[in-house]
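Letters A, B, ... mirror the listed sequences (proteins, then strands); counts begin at 1. Only a predicted model underlies this, so the values are computations on that prediction, with no experimental measurement involved.
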There are 2 protein chains.
Amino acid sequence: MVDTVAESRDPAVEAALDKAAEACAARGGQMTELRRQVLRLILSARAPVGAYALLDQLRAARPGAAPPTVYRALEFLQEQGLVHKVERLNAFVGCAGPDAHHHCGHGHDHPHQFLICGRCGATTEVCDDRVAHAVADAARATGFVPHRTTVEVEGLCAACALAA
Amino acid sequence: MVDTVAESRDPAVEAALDKAAEACAARGGQMTELRRQVLRLILSARAPVGAYALLDQLRAARPGAAPPTVYRALEFLQEQGLVHKVERLNAFVGCAGPDAHHHCGHGHDHPHQFLICGRCGATTEVCDDRVAHAVADAARATGFVPHRTTVEVEGLCAACALAA
DNA sequence: TCCGGGCTGATATAGTGTAACGCCCGACCG
DNA sequence: CGGTCGGGCGTTACACTATATCAGCCCGGA
Ligand SMILES: [Zn+2]
Ligand SMILES: [Zn+2]
Ligand SMILES: [Zn+2]
Ligand SMILES: [Zn+2]
C-alpha cells in the first residue's frame with residue numbers, strides 16, 4: 001500500500017477541480033498546483049473557511065506557506081469566479097454556480113446572495129434575478145453605476161428554524 | 001477668550017446628537033458623553049470611518065482611550081440604530097435614516113443598502129423597499145428565516161461616473 | 001449600608017489583510 | 001544562444017481590525 005497518507009479526496013471535488021481548471025484556462029487563467037490545493041480545501045469544507053484556517057491546512061502540504069500565499073490564491077480564485085468571499089464572516093466559499101445556476105444565463109462574474117444561518121453556520125448561495133435587478137435598479141435610480149454587489153442575509157436556515 | 005481650542009462643531013451635527021440622545025433615551029438607552037463623542041466623530045466625517053481612525057481622534061479628548069473604548073461605543077450606537085457598519089470597508093457611518101427615511105415606516109432597525117463609490121469613497125445609504133422585499137422573499141422561498149440583511153453595492157457615484 | 005448592574009479604564013491577545021523584495025522559470029525574440 | 005520580460009511564488013515584516021478579561025467607579029434599589 002503506497003498511499004500511507006489518507007488524503008480521502010472526494011471524487012466529486014476532484015471532478016469540480018478539473019472542470020474549474022478547464023473553465024479558467026479558457027479565460028486565460030492558469031490553475032496552478034497551489035491554487036488547486038487552496039480550491040480543494042475550500043470545496044472540501046462544509047462551511048465558509050477563513051484565510052488562516054486555509055493557511056493552517058495548507059501548511060500540511062507546503063510547510064513554508066505564509067499569509068500572502070493563501071491570499072494571492074484566493075484573489076485569483078475570486079477573479080475567476082470560483083470562490084466568493086462572505087464579508088460578514090471574513091471567510092470564503094466555493095461558488096455554487098458552475099453546476100447550480102450557470103443556466104440562469106450568468107457568466108463567471110454572476111450576481112449572488114448568501115443566506116447565513118446564525119445558529120448552525122450553514123451558508124447557502126442563491127442566485128435570484130429579482131434581487132439582482134431590484135438592487136441594480138435602486139442604485140441606478142440615484143445615478144450610481146453598480147459594479148459589484150454584496151447581498152448577505154443572516155438568519156435561521158430551514159432546519160434550524162424548525163428546531164427553534 | 002476661554003475657548004482656546006477651536007472645536008469647530010457643526011451645529012447641524014450637534015442638533016442631530018441631541019435628537020439621537022432623545023431617541024435612544026426613549027428606548028431605555030443611555031447616551032453618555034463617550035458615546036456622544038464617538039457619534040460626533042462619525043457624523044462629522046464625510047465618509048465611512050474605521051474604528052482605529054475614530055480611536056486616534058478620540059484620544060485628543062480621552063488620552064487613555066483603547067480599542068474596547070471605541071468598539072463598545074460603536075456596539076451601542078449600532079444597537080440604537082444610530083450607526084451602521086459597512087462590511088466591505090470595515091468602517092462605520094451615521095444612519096441617514098432618522099431624517100431621511102423614517103417616513104418610510106421603518107423603525108430604528110430599518111433595512112438599508114449602501115452605494116459605495118470605488119473612486120471617491122462616498123458612501124450613500126438608501127432605503128429601497130423593493131430591494132428589502134425581494135431579498136426577504138428570496139430567502140423565505142428556501143425556508144430561511146431572515147433576521148438582518150446586508151446589501152452593499154460597489155461602483156461609481158453619479159459624479160464620478162460623469163467624470164470617468 | 002450593602003448589593004448589583006451598567007459604564008468605563010486598562011492590558012493583553014487574537015484574527016485579518018498587505019507591502020515589498022527577490023528568486024525561479026518559462027515564453028519570446030534577436 | 002543570450003537577453004529580457006512577466007507571472008507565480010517564497011519570505012519577511014508590518015498594518016489593520018476585533019475581542020477577552022479583569023478591575024474600578026457610580027448610582028439606584030433593597
Ligand atoms: Zn457563485
Ligand atoms: Zn442552521
Ligand atoms: Zn440607516
Ligand atoms: Zn465617487
Of the options C:dA10, C:dG17, D:dT12, whose atoms approach the side-chain atoms of A:Pro68 most closely? D:dT12
Would you please say whether a donor-acceptor pair under 3.5 Å links the side chains of B:His84 and B:Glu125? yes
Would you kindly give the NZ-to-C1' distance between B:Lys85 and D:dC16, to the nearest whole Å? 12 Å
Provide, to the nearest angstrom, the distance between the OH atom belonging to B:Tyr71 and the C1' atom belonging to C:dA10. 17 Å
Atom pair distance, as rounded to whole Å: CG in A:Leu74 and C1' in C:dG17: 11 Å
Specify the separation, in whole Å, of atom CD of B:Gln80 and atom C1' of C:dC7. 14 Å
Rounded to whole angstrom units, what separation is found between the OH atom of A:Tyr52 and the C1' atom of C:dT13? 15 Å
A:Thr69 versus A:Arg62, side-chain donor and acceptor atoms under 3.5 Å: no
Is any side-chain N or O of A:Asn90 closer than 4.0 Å to OP1 or OP2 of C:dG17? yes
Figure out the CG/C1' separation between A:Leu89 and C:dG15, and round it to whole Å. 14 Å
Nearest of C:dT16, C:dC7, D:dT17 to any side-chain atom of B:Gln30? C:dC7
Among the candidates C:dT8, D:dA18, D:dC9, find the nucleotide nearest to the side-chain atoms of B:Thr32. C:dT8
What distance separates B:Leu115 CG from B:Cys157 SG, expressed to the nearest 0.5 Å? 10.0 Å
Between B:Arg130 and B:Asp137 (salt bridge meaning N to carboxylate O under 4.0 Å), is one present in this structure? no
Output the residues of residues 55-67 of chain A in contact with DNA chain D, where contact means a heavy atom of the residue under 4.0 Å from an atom of the strand; sort by number or write none. A:Arg62, A:Gly64, A:Ala66
Pair A:Glu152, A:His112: side-chain N/O donor-acceptor within cut-off below 3.5 Å: no
Nearest whole Å is fine: how far is D:dT17 P from B:Glu75 CD? 18 Å
Which whole-number value in Å describes the distance from A:Met31 CE to D:dG8 C1'? 14 Å
What's the closest nucleotide to the A:Thr69 side chain, out of C:dT8, C:dT16, D:dG10? D:dG10
State which of D:dG8, D:dT21, C:dA20 makes the closest approach to the side chain of B:Arg72. D:dT21
Would a distance-only check, ignoring hydrogens and angles, find a side-chain to backbone donor-acceptor pair under 3.5 Å from A:Gln113 to A:Asp128? yes
Output the single nucleotide from D:dG8, C:dG9, D:dA18 whose closest atom is nearest the side chain of B:Leu34. C:dG9
Heavy-atom side-chain contact between A:Arg88 and B:Arg148 under 4.5 Å: yes
